[in-house]
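Notes for the one structure printed next.
Read the numbers this way: they start at 1 and go in the same order the structure lists the ligands and their atoms. Just so you know, these numbers come straight off a predicted model, no measurement behind them. All residue numbers refer to positions in the sequence shown, counting from 1.
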Amino acid sequence: MLDARIPPGPIEQNWDKCRFDMKLVNPANRRKYNIIVVGSGLAGAAAAATLGQQGYRVQCFSYHDSPRRAHSIAAQGGINAAKNYRNDGDSIFRLFYDTVKGGDFRSRESNVHRLAQISLNIIDQCVAQGVPFAREYGGLLDTRSFGGVQVQRTFYARGQTGQQLLLGAYQALEEQIAAGSVTMHIRSELLDVVVADGRARGIVTRDLVTGKITSHAADVVVLATGGYSNVFYLSTNAKACNCTAIWRAHRRGALFANPCFTQIHPTCIPVSSEHQSKLTLMSESLRNDGRVWVPKQKGETRAPNDIPENERDYFLERRYPSFGNLVPRDVASRNAKEVCDDGRGVGPSGQGVYLDFADAIHRLGLQTVREKYGNLFDIYERITGEDAYTVPMRIYPAPHYTMGGLWVDYHLMSNIPGLFVAGEANFSDHGANRLGASALMQGLADGYFVIPATVPDYLATTKLEPVDTSHAAFAATKDDVSQRIEALLAIKGTRSPDSFHKELGRLMWDECGMARSEAGLRKALARIPELREEFWHNLRIVGGGEELNQSLENANRVSDFLEFAELMCIDALNRTESCGGHFRVESQTPEGEAKRDDENFSYSAAWEWKGLDQAPVLHKEPLNFEYVHLAQRSYK
Ligand SMILES: Cc1cc2nc3c(=O)[nH]c(=O)nc-3n(C[C@H](O)[C@H](O)[C@H](O)COP(=O)(O)OP(=O)(O)OC[C@H]3O[C@@H](n4cnc5c(N)ncnc54)[C@H](O)[C@@H]3O)c2cc1C
């Protein structure tokens, strides 16, 4: 039975009570503890900097050449906080409510409430660091709206919010590196987690420049290694994002929760070529002012500006008059797919809908629209060659974020004692669908506030035997890592790692993407092991293991995606209800909305690894909704 360690008592007091009940480590004793943080994106950098500041000895690892390159830097639109600066009805409870409802009632209430509470502290923390949030003329912090809510609670820094927040976290991290409390290991990729005597006690890494495999021991390991959207090959994530860290931890015993909960973002630049390796997001913030439409007529050939108003279908405004273009992402994506499947999609592939700013420019003026969204329009023009100030943007849904991840309790500890998981890497607070601008909030809540409270409690309450890299578990884990790399290099077949990844991604997009059916999932589950088999017999890696070798790095990551994808499909097949981003075609309302089955699926699915060709074991964490009552989501 999974114990989520949810504190008893009224939800508003859970976190305060938990913080008070947790044990502290005396400042003089903190330097005796060694903490490994893997990842230096928002969650990892915030955790490493804060634990370093507290006085622990922290080792931080990243495969990037600088913490500043973490994928968090790509975040565009903003970060939510229930500050209610606009006095438009916001509150901690409303943010909590919106997030539970937005996640289609598949998240843990207590965690979400804590997130809403901490959101206030995050903005104060970042402002104190000098993060240049947008301000109104009078100097007050500005906010805007994101999908699935009716207040304006999203703080932003033009279209570069992630970059500015990461610079804040990076400065805090650098300060600790200079002070000697944090040691940064760049271009070091975690390839395994060491579990000694039942506790996470270290990691094994590969130096991406020299190929050297090294073991590192610690008292606690924190994984903050991001999400797995690249299982689809094409996604809005950075090319290097992968699932290796969490997957290898899973293989060591960490439960993987809700792997099928993935988010397809509605506003991305449509795929334009077979040879594309990356998709580009157009921030959700654009839906504050842009209007989504397609022609009413199928097979329309006229240019968008030649199509008269009465021949356009503003389908989101029509179907969801209360939320209009700002419905949550899962709803907007599904509707876009539907109109395209109906033959009304636009652009060369027919896989696109318009996002039109003509009304906003008319109402607000070109200059205001340029000030709000200028860099996004520039990105769009650079990629498509089109000027979105004069012609509507074309957008289509694309894989973007993963709500699933390693299972963690209220303390963000996995079921392996001493292994904590933060940011997008854990199964997070977002349930079956994440609301826009909530990932930055969660990553920073985890990194600045939760991990720095719960890790010390673990240290203070656990008797840790002295363990160093001479422990047998380190030698065994290091051997496994070396053997896997040697096995990859020895295949010497004919297909590149990328060609396998592309084929897997296409299969996942077709069968486990925006719409999932029993037949499609069974097809994927038959094909994935075949593809994996071919990979291990016909892979070609160029170059050797003791040098900078991106082909090897890629192959290693693809080998994990080929295992992980199977679990994702198993989870999707098991969950015969639709909820949030998980849309089972067999389970929909007469209006085509996601139809949940609360009686049978009101739980988080936490899967246990049993071996490559063994069926994983399902553990269920029941979800109780005491404060937000279960209801069919409606944005009409
Ligand atoms: C284009 C785009 C725009 C977005 N915009 C927004 C937005 O406006 N608002 C919002 O709330 N969210 C947004 N998101 C989501 C948000 O950016 C991410 O969820 C969040 O930044 C993830 O942060 P993280 O710290 O968990 O992981 P990451 O930033 O992905 O960092 C992962 C870190 O782990 C390291 N790492 C990973 N694996 C290993 C390994 N095996 N060994 C060593 N190191 C490893 C990496 O080097 C990196 O340092 C956006 C996402 C995308 C793709």
Side-chain angles (χ1 to χ4, degrees), residues 36-48 60-81 119 122 144 146 154-166 169-170 173 184-193 203-206 208 222-230 235-238 240-249 263 265 267-268 278-285 329 376 379 398-403 405 421-426 428 430 434-444 446-447 553 556-557 560:
I36 283 177
V37 177
V38 188
S40 53
L42 281 174
C60 184
F61 293 81
S62 164
Y63 57 62
H64 286 99
D65 56 350
S66 158
R68 276 177 305 173
R69 299 252 191 278
H71 160 67
S72 290
I73 205 148
Q76 300 172 344
I79 174 166
N80 288 330
S119 71
I122 295 172
R144 56 188 175 197
F146 260 58
T154 306
F155 294 78
Y156 65 100
R158 295 187 78 194
Q160 315 170 337
T161 314
Q163 181 173 348
Q164 299 306 331
L165 291 171
L166 190 61
Y170 168 73
L173 182 64
M184 188 72 215
H185 301 261
I186 56 164
R187 308 195 92 171
S188 295
E189 181 157 25
L190 175 154
L191 294 186
D192 220 329
V193 172
I203 61 173
V204 175
T205 59
R206 178 172 180 271
L208 296 185
V222 180
L223 297 184
T225 50
Y228 53 84
S229 286
N230 280 350
S235 89
T236 63
N237 284 199
C241 291
N242 64 82
C243 71
T244 290
I246 49 176
W247 186 249
R248 303 248 168 133
Q263 175 163 84
H265 196 299
T267 56
C268 303
K278 170 89 188 71
L279 293 175
T280 306
L281 175 76
M282 287 287 99
S283 167
E284 179 163 306
S285 60
R329 292 175 180 177
L376 299 169
I379 295 173
H400 175 66
Y401 180 87
T402 49
M403 284 77 69
V421 194
E424 196 174 334
N426 68 29
S428 83
H430 310 292
R434 172 176 73 81
L435 291 182
S438 289
L440 301 181
M441 172 173 71
Q442 181 231 328
L444 290 180
D446 291 359
E553 286 167 32
N556 209 12
R557 294 167 188 168
D560 291 319

Pocket residues around ligand 1 (non-hydrogen, under 4.0 Å) come out as Val38, Gly39, Ser40, Gly41, Leu42, Ala43, Phe61, Ser62, Tyr63, His64, Ala70, His71, Ser72, Ala74, Ala75, Gln76, Gly77, Gly78, Ser188, Glu189, Leu190, Ala224, Thr225, Gly226, Thr236, Asn237, Ala245, Leu281, His400, Tyr401, Gly423, Glu424, Arg434, Ala437, Ser438, Ala439, Leu440

Those residues at least two apart in sequence (or on a different chain) that pass ring pair (Phe, Tyr, Trp, His ring centres under 6.0 Å) with Tyr401 are His430

Residue set satisfying ring pair (Phe, Tyr, Trp, His ring centres under 6.0 Å) with Tyr228, at least two apart, ordered chain then number -> Phe256, Phe564

>> Apply side chain to side chain contact (heavy atoms under 4.5 Å, CB included) to residues Leu223 and Leu190 and explain how you reach the verdict.
In response: CA-CA 10 Å; Leu223 297 184; Leu190 175 154; 3.8 Å; yes

Could you walk me through whether Arg434 and Arg329 satisfy the side chain to side chain contact (heavy atoms under 4.5 Å, CB included) test, starting with their C-alpha distance in whole Å, then the side-chain angles of each, then the deciding distance to 0.1 Å, before giving a yes or no? CA-CA 8 Å; Arg434 172 176 73 81; Arg329 292 175 180 177; 3.1 Å; yes

Residue set satisfying side chain to side chain donor-acceptor pair (under 3.5 Å) with Ser428, at least two apart, ordered chain then number -> none

ask   = Do the side chain of Asn230 and the main chain of Asn242 share a donor and acceptor less than 3.5 angstrom apart?
value = no

